[in-house]
Asks: 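Have a look at this one before I ask anything.
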Amino acid sequence: MKILYFAWLRAKIGKAEEEIELPTDVTTVAGLLDWLKARGPGFAEALKDQRVVRVAVNQHYVGWDHRLQSTDEVALFPPVTGG
Amino acid sequence: MKILYFAWLRAKIGKAEEEIELPTDVTTVAGLLDWLKARGPGFAEALKDQRVVRVAVNQHYVGWDHRLQSTDEVALFPPVTGG
Amino acid sequence: MTIRVQHEDFDLGAEIAALTRGKTGIGGLASFVGLVRDVAGSERIAAMTLEHYPGMTERQLAEIEAEARRRWTLDAVLIIHRVGRLLPGDRIVLVATASAHRQAAFESCQFLIDWLKTKAPFWKLEETPAGGRWVDAQASDDAAARRWVAE
Amino acid sequence: MTIRVQHEDFDLGAEIAALTRGKTGIGGLASFVGLVRDVAGSERIAAMTLEHYPGMTERQLAEIEAEARRRWTLDAVLIIHRVGRLLPGDRIVLVATASAHRQAAFESCQFLIDWLKTKAPFWKLEETPAGGRWVDAQASDDAAARRWVAE
């Protein structure tokens, strides 16, 4: 699974994207975030307040309950500030 | 007194402007319109429905009761349609 | 000059660039361009002639601009209105407002065009297949202008 | 192309002329240009870098445009958003809509910028005297976007 990070999430996590092997017990977006948070202090810091984390799967916004596929492109980013 | 006519008021009256000598008993805008209407069929036709006649004195909108001076510039025109 | 009544066309990009140049406090610029349509109701329009009242028109536009500046904090205001004979697709009017915040820019821009349409002495004569026809004032324009009074 | 995400600046006049050319049913064109301000709160901004999510950004903008076209009868829509490093006074975004009637043009233009600001994946990094600072989403932008849902 491809994961992309943007803006201050990217800065805190320290990378713009990565390929991960999704553990079989991680099936939803919420599960993915919990799993990511345990991967290190940068992840824990970036994802500690999920109210300011937006998630897109295959370039569409999704909620915490969204079920993941191993071929998905997942993106994590803060609320948008363009315009 | 200088009087200006615009748009279809000008077309119906047949002139864009004229100098008139204001009769001494004509003191208001309403009085002026009554006096003008009696000057000929073009005037009567142009001024028959005063709901669609706007009046400006010295380039400011005024009401029917506005008191006139002999040195005023009076303009009569239909509701505006610019923009 | 922030208010101009002219026969010539205008260059939107150049006008807006001149309006905002050097003003780095501007966050948003709203603009409206009115164009000559080729139909009015069910009739084809071959051309449109715009007449105005020189002197009073500029004065009214200045008053409308002053009112907008009383109501909103604006960094720049521009009103250009053409007169004379225009063809379908031709630009008639440009209204642009700039402010630190976009809501003020949008609202003041709408206010200016709404009030311009009901207060500034311009008149349109349309050329239709049946001959010349003076455009009637629209009740919808009066209603649009009135919402700025009720507030 | 009615939707573009690009590093380069844009020429407002040329873009609008191209958008309306030959479309003589257009009566009004509303546009909004967002610019980089030199202050944010009390801090001076030396520059601003805009980041986006290539692919999703264009997709979101296309969805926002489609929603505007469902809600209003529009003759033309244009959205240009710049990315990369910009300086105070630089143009960030252009949204323009054209319709037979000015109210539809104004409303749809406001709708597009309101929804763009809360849905399209762009992020701003400001350069302040204290260093880089990611811009926070504004509650006022959420409120502006929500009024188009309640209707």
Side-chain angles (χ1 to χ4, degrees), chain A residues 1-20 22 28-29 32-33 36-37 41-83, chain D residues 3 5 32-37 40 48-64 79-84 86 91-95 109-126 131-142 144-145:
Chain A
M1 171 180 289
K2 185 179 188 180
I3 312 193
L4 308 173
Y5 307 103
F6 291 97
W8 53 255
L9 273 155
R10 172 176 48 66
K12 286 183 177 174
I13 287 168
K15 58 183 119 184
E17 62 176 275
E18 59 180 328
E19 282 289 337
I20 63 158
L22 197 66
T28 65
V29 165
L32 174 65
L33 264 72
L36 287 171
K37 273 195 274 192
F43 285 95
E45 169 67 18
L47 301 172
K48 70 170 186 256
D49 183 358
Q50 293 189 199
R51 291 173 304 179
V52 289
V53 177
R54 299 288 175 267
V55 183
V57 171
N58 301 325
Q59 307 189 353
H60 289 282
Y61 286 106
V62 298
W64 305 117
D65 296 340
H66 183 86
R67 297 193 72 80
L68 295 169
Q69 314 265 305
S70 62
T71 54
D72 283 339
E73 172 180 300
V74 178
L76 305 183
F77 49 78
V80 304
T81 58
Chain D
I3 289 173
V5 179
F32 176 80
V33 176
L35 301 126
V36 180
R37 292 178 64 199
M48 174 179 279
T49 298
L50 272 138
E51 178 174 336
H52 79 302
Y53 179 178
M56 181 171 174
T57 302
E58 292 81 356
R59 190 187 289 254
Q60 279 290 311
L61 293 177
E63 283 182 19
I64 294 168
I79 303 173
I80 302 176
H81 202 298
R82 294 176 69 191
V83 290
L86 303 174
R91 287 173 276 267
I92 304 170
V93 62
L94 166 65
V95 174
C109 188
Q110 285 189 270
F111 167 84
L112 285 173
I113 187 70
D114 285 349
W115 274 35
L116 182 157
K117 280 189 174 260
T118 54
K119 294 180 194 294
F122 292 101
W123 302 274
K124 288 177 183 145
L125 177 67
E126 293 170 340
R133 184 178 62 185
W134 290 97
V135 174
D136 282 328
Q138 305 235 328
S140 60
D141 285 333
D142 289 336

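In what follows, chains are A, B, ... by sequence order, proteins preceding strands, each numbered from 1.
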Asks: Trp123(D), Phe122(D), Phe32(D): which one forms the most heavy-atom pairs within less than 4.5 Å of chain A?
Replies: Trp123(D)
Asks: Considering non-hydrogen atoms only, spot the tightest contact between Trp134(D) and Ala11(A) and give its length.
Replies: NE1-CB, 4.5 Å
Asks: Can you list the residues of residues 71-82 of chain A that sit under 4.5 Å from chain D, counting heavy atoms only?
Replies: Glu73(A), Ala75(A), Phe77(A), Pro78(A), Pro79(A), Val80(A), Thr81(A), Gly82(A)
Asks: Got Gln59(A) and Glu58(D) here, is their nearest side-chain heavy-atom distance under 4.5 Å?
Replies: no
Asks: Any idea which heavy atoms bring Met56(D) and Ala56(A) closest together, and the distance?
Replies: SD-CB, 3.4 Å
Asks: Non-hydrogen atoms of chain A under 4.5 Å away: do they reach the side chain of Gln60(D), the backbone, both or neither?
Replies: side chain
Asks: For Arg54(A), is it the side chain, the backbone, both, or neither that has a heavy atom closer than 4.5 Å to a heavy atom of chain D?
Replies: neither
Asks: Would you mind telling me which of Gly55(D), Gly132(D), Gly34(D) has the largest number of heavy-atom pairs within less than 4.5 Å of chain A?
Replies: Gly55(D)
Asks: Please classify the contact between Leu125(D) and chain A as side chain, backbone, both or neither, with a heavy-atom cut-off of under 4.5 Å.
Replies: neither
Asks: Chain A heavy atoms under 4.5 Å from Asp136(D): which part of the residue, side chain, backbone, both or neither?
Replies: backbone
Asks: Please list, chain by chain and in numerical order, all residues satisfying side chain to side chain donor-acceptor pair (under 3.5 Å) with Arg91(D), sequence neighbours excluded.
Replies: Asp9(D)
Asks: Who are the side chain to side chain contact (heavy atoms under 4.5 Å, CB included) partners of Arg67(A), not counting sequence neighbours?
Replies: Thr27(A), Thr28(A)
Asks: If you check every heavy atom in residues 44-52 of chain A against those of chain D, which residues fall under 4.5 Å?
Replies: none
